[in-house]
Amino acid sequence: MNGAHAVSAVQGGERAVRVRASSGHRTRVLRLLLALCSLTALFATATPADAADSPTQAAYLADRLRENPVYVTDQLPREVPRSTAPDFARLAKRTGVPTYVLVLPMQSGTDGEQLLGAVHDRLGRDGLFVLIEGTDIAEATAYGVRVPADAAATVALYELAYDAGPLLSFERFVDVIAQGGERATARAEAARETYRDDEPAEMYIGPSDRRNQSFLTGSLLTGVPLLIVLTAGYVRRSRRRTGAERRVPRWVVPGAAVLTAAAIALTAPVVFDQTKSSAAKPPTPADLSARVERVAAGLKQDPVYADPESPRVLGSRQLDRLHERIQDFRRSDGGGPVYVSLVPQTPESESAGDAGLFAAAVHAKVGEDGVYVVADPDDGTIDVSNHGLRLDSNRLSFDLPDSVTLGDSRADEADDHLLGERLDTLMTFLDKTPRTGRPHSESTPAAAPRAADENALPPLFATDFWPGLFVGAFAALLLSGVVAGVTWIVRGLLRWRSPAPEPSGRLSPTSPTEPPTSYLRRTAYAELTALQGRFNDPDDRARAWDHLDAALLLVDGDPGRARQPGTDPATLVAVIVLARAGRAALTGEAADLCCGVNPLHGRATRRHHVRVSAEGNSRRLLPVCEPCRDTAVAEPGGIPGRLLKLPDPSLGNTRLPYYDVTDGPLTAVPHGIARLIDEVRETAGVH
């Protein structure tokens, strides 16, 4: 019995030893596992927040691509409306491979290639993955398919202007993909070489460019026609002074001005045919309300809504802490609900980047009063709006520290902008905000610009078009004045430097009809001295002495007086007529009649009834030269324009027909040279 007990005791001791040994082994294994878990936790906490949270963003985007291979964010309705998703899908089919497209807001600090890789892993499908941030193709990666993604992205980057828009950029990208590897690579190299130092011209203009176009159109519309009228009038007056016939009907100039104005008005809208300032398509009402509805639905489930399209900026502990603070504030005296939206605010959003407007829209959709906080995970700004709580709104508006709303240098350097810490400080500020006797709400913010009009250019015939009309008219007047002044100066210099006109007793049908006094002085002196130089033999004196004598009587016997100021134009014309008639007599071409339309024309061949007034039908019987006779027969209305007109000092230098300006000897010209000589002698008292 005792032996049996001894054996049992030994066996029991061995089992105890084995049990203790097994227990120790399990303890060591357990300790090893705990150590491994601790190390794992340590490495996990040491991992950057973006890397730890990126699978959440990738998982959300992968789920969206699983539903539809093209996902367009609802945060860019003014630039890339969600309604354009079918257009992207239509283009994606042309690649020939499964193509997945993500259109997201531009996010700072996001690695596009890493994001596409994470989305691909979550989706579990091969194909071409394209990330479009804003309006540019940010990244394109092929998984399990062979396509020239890099070359296509390069071509889209270099060949298109920066304002081409996402649809056109993606279309160019798809076209290059469809060309195949070799051609795509060659095209990418050519694009890089062509646009290495220069960018393609912009495809769209802005409002300032449209104002410049309107101003130019208005200036041309008045300036060019008015310049035509002024220039034509100046040319017409110059032709009359030189005696040239008017060959152009009077209605031609006004008609040309009107046609020019009409051509400018019709051509300008064709040349300046831009109607939009960007490639963005007008969003639908559903596009503009999609993000607000998404955020409001999320806030109804959880008072803290983190945008799933953006990297996470709140850790789990920070999120739990924020929930606790929100619950405490809700239960506090005078407190209430707090809704926190961690959503980017961009100018392309439905609220045009106005956080207050976004908060008001979300409040209207949630339908419950409270403090609405909008925290931007991209730039780190925080905006607070009180809608219906008994809080001092002035304190919220003016006393909230900038370190909370804008952040400080530490927040700027942190990837998460220290939003968790700053939101916790905000909750402390709300707890300390004084309560009031009645609820307060933020004033209604100004509405965002209408998306349909935001990218529409003003009409061409608007804005600066009207000032352009006045500037164009002023410029035409100024330019015509400058041209007239320069022409007058040049003509004066040429007359001063040019020699005296070659004296001639023959017919001069192109003599000026409104000759300047300087011209008459030089011509009278040249003709008179030329006549004096011909008196070398007695026969010449006999044939032309009367003409020379009468001409010298008009200048008191001194030909030099004809060049000096003081002699009136009528006297100078009489000197010229007498001198030319005398020289004609010396050559045997003497004739008693001188052209009564313009005595400077020379010898007349016959008398003819001619119209002497542009108004009415007043006629006179005058001796006429051959050109004046032809004009009187073919175009009677042209004779008044050919009449010699001299200035009348008593009427402010107004020019009148020569026979109406003076009562001196020149009035005898229509009656013949002999009568003119007699009138000169009678006036001088010589018989």
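Residue indices begin at 1 and follow the sequence shown.
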Go through Lys281 and Asp87 one step at a time and tell me if the side-chain contact (heavy atoms from CB on, under 4.5 Å) criterion holds. CA-CA 11 Å; Lys281 290 188 175 182; Asp87 298 327; 3.0 Å; yes
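- Using a 4.0 Å cut-off between charged nitrogen and carboxylate oxygen, Asp464 and Arg210 do not count as a salt-bridge pair.
- At distances below 3.5 Å, at least one donor-acceptor pair connects side-chain atoms of Asp354 with backbone N or O atoms of Leu357.
- Counting all heavy atoms, side chain and backbone alike, Ser480 lies closest to Leu230 at OG-CD1, 3.3 Å.
- Applying the salt bridge (charged side-chain N to carboxylate O under 4.0 Å, His left out) criterion to Arg619, with sequence neighbours excluded, gives no partner residue.
- Between the side chain of Thr523 and the backbone N or O of Tyr519 there is at least one donor-acceptor pair closer than 3.5 Å.
- A parallel orientation is assigned to the rings of Phe170 and Phe173, their planes being inclined by less than 30° (bins at 30° and 60°).
- Thr194 places a side-chain N or O within 3.5 Å of a backbone atom of Ala190 that can act as its donor or acceptor partner.
- Of the possible donor and acceptor atoms, none in the side chain of Tyr659 sits under 3.5 Å from a partner among the backbone N and O of Pro670.
- Closest approach of Pro599 to Val577, counting heavy atoms only: CB-CG2, 3.6 Å.
- Scanning all heavy atoms of the two residues, the minimum distance from Ala265 to Pro269 falls at O-CD, 3.1 Å.
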Intermediate values then yes/no, side-chain contact (heavy atoms from CB on, under 4.5 Å), Phe272 and Leu216: CA-CA 11 Å; Phe272 305 137; Leu216 178 60; 4.1 Å; yes
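- Counting all heavy atoms, side chain and backbone alike, Gln564 lies closest to Arg521 at O-NE, 3.7 Å.
- Counting only heavy atoms from C-beta outward, the side chains of Pro200 and Glu159 never approach each other to under 4.5 Å.
- A donor-acceptor pair under 3.5 Å links the side-chain atoms of Asp568 to the main chain of Ala570, judged by distance alone.
- Looking at heavy atoms from C-beta onward, Thr217 lies in side-chain contact with Phe465 at the 4.5 angstrom threshold.
- Nearest approach of Pro445 to Gly356, heavy atoms of both residues: CG-O, 4.1 Å.
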Can you list the steps and then say if Arg580 with Glu527 is a salt bridge (Lys or Arg N to Asp or Glu O under 4.0 Å)? CA-CA 7 Å; Arg580 287 179 175 176; Glu527 293 286 355; 3.0 Å; yes
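- Residue Pro559 forms a side-chain contact (heavy atoms from CB on, under 4.5 Å) with just one option from Leu531, Thr529, Val575, and that option is Thr529.
- Between the side chain of Thr631 and the backbone N or O of Glu635, no donor-acceptor pair lies under 3.5 Å.
- Put simply, the side chain of Glu133 reaches to within 4.5 Å of the side chain of Leu131, judged on heavy atoms.
- Summarising the geometry, atom CG belonging to Leu160 is positioned 9.5 Å from atom CD belonging to Glu171; distances are rounded to the nearest 0.5 Å.
- Put simply, OG1 on Thr517 and CG on Leu572 are 7.5 Å apart, with the number rounded to the nearest 0.5 Å.
- Although no hydrogens or angles enter the test, the distance criterion places a donor-acceptor pair under 3.5 Å between the side chain of Asp163 and the main chain of Tyr204.
- Residues Tyr658 and Thr667 are not in side-chain contact: their nearest non-hydrogen atoms beyond the backbone lie 4.5 Å or more apart.
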Under the salt bridge (Lys or Arg N to Asp or Glu O under 4.0 Å) criterion, do Arg78 and Glu454 qualify, and how do the steps go? CA-CA 8 Å; Arg78 296 176 181 272; Glu454 192 173 27; 3.0 Å; yes
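- Counting heavy atoms of neighbouring residues, nucleotides and ligands inside a 6.0 Å radius, atom CZ of Arg94 exceeds 12 of them.
- Formation of a donor-acceptor pair under 3.5 Å by the Ser349 side chain with backbone atoms of Gln75 is not found in this model.
- Here the closest heavy-atom approach between residue Val80 and residue Val72 is recorded as O-CG1, 3.8 Å.
- Counting only heavy atoms from C-beta outward, the side chains of Leu554 and Leu578 approach each other to under 4.5 Å.
- Ile576 places none of its side-chain heavy atoms less than 4.5 Å from the side chain of Tyr525.
- How far CE of Met106 is from CD1 of Ile132: 11.5 Å, rounded to the nearest 0.5 Å.
- In this structure, CZ on Arg291 lies 8.0 Å from OG1 on Thr73, to the nearest 0.5 angstrom.
- When atom types are taken as modelled, the side chain of Asp74 and the backbone of Arg82 share no donor-acceptor pair closer than 3.5 angstrom.
- With hydrogens and angles disregarded, a donor-acceptor distance shorter than 3.5 Å links the side chain of Asp209 to the backbone of Gly206.
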Could you check Leu477 against Leu226 for side-chain contact (heavy atoms from CB on, under 4.5 Å), going step by step and ending with a plain yes or no? CA-CA 8 Å; Leu477 293 172; Leu226 184 58; 4.2 Å; yes
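- Residues Arg522 and Arg563 are not in side-chain contact: their nearest non-hydrogen atoms beyond the backbone lie 4.5 Å or more apart.
- The closest side-chain donor-acceptor pair between Thr284 and Asp287 falls under 3.5 angstrom.
- The side-chain hydrogen bond (donor to acceptor under 3.5 Å, both in side chains) contacts involving residues 263-279 comprise Ser278-Asn455, where partners must be two or more places apart or lie in separate chains.
- Separation of atoms CG (Leu478) and CG (Leu227) is listed at 11.0 Å; rounding is to 0.5 Å.
- In this structure, Phe461 and Ser214 have side chains that are not in contact, with every pair of non-hydrogen atoms separated by 4.5 Å or more.
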As a quick check of understanding, evaluate side-chain contact (heavy atoms from CB on, under 4.5 Å) for Thr135 and Glu79, giving each step before the final call. CA-CA 8 Å; Thr135 60; Glu79 189 70 38; 3.2 Å; yes
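- Atoms CG and SG, on Leu622 and Cys594 in that order, are 11.0 Å from each other to the nearest 0.5 Å.
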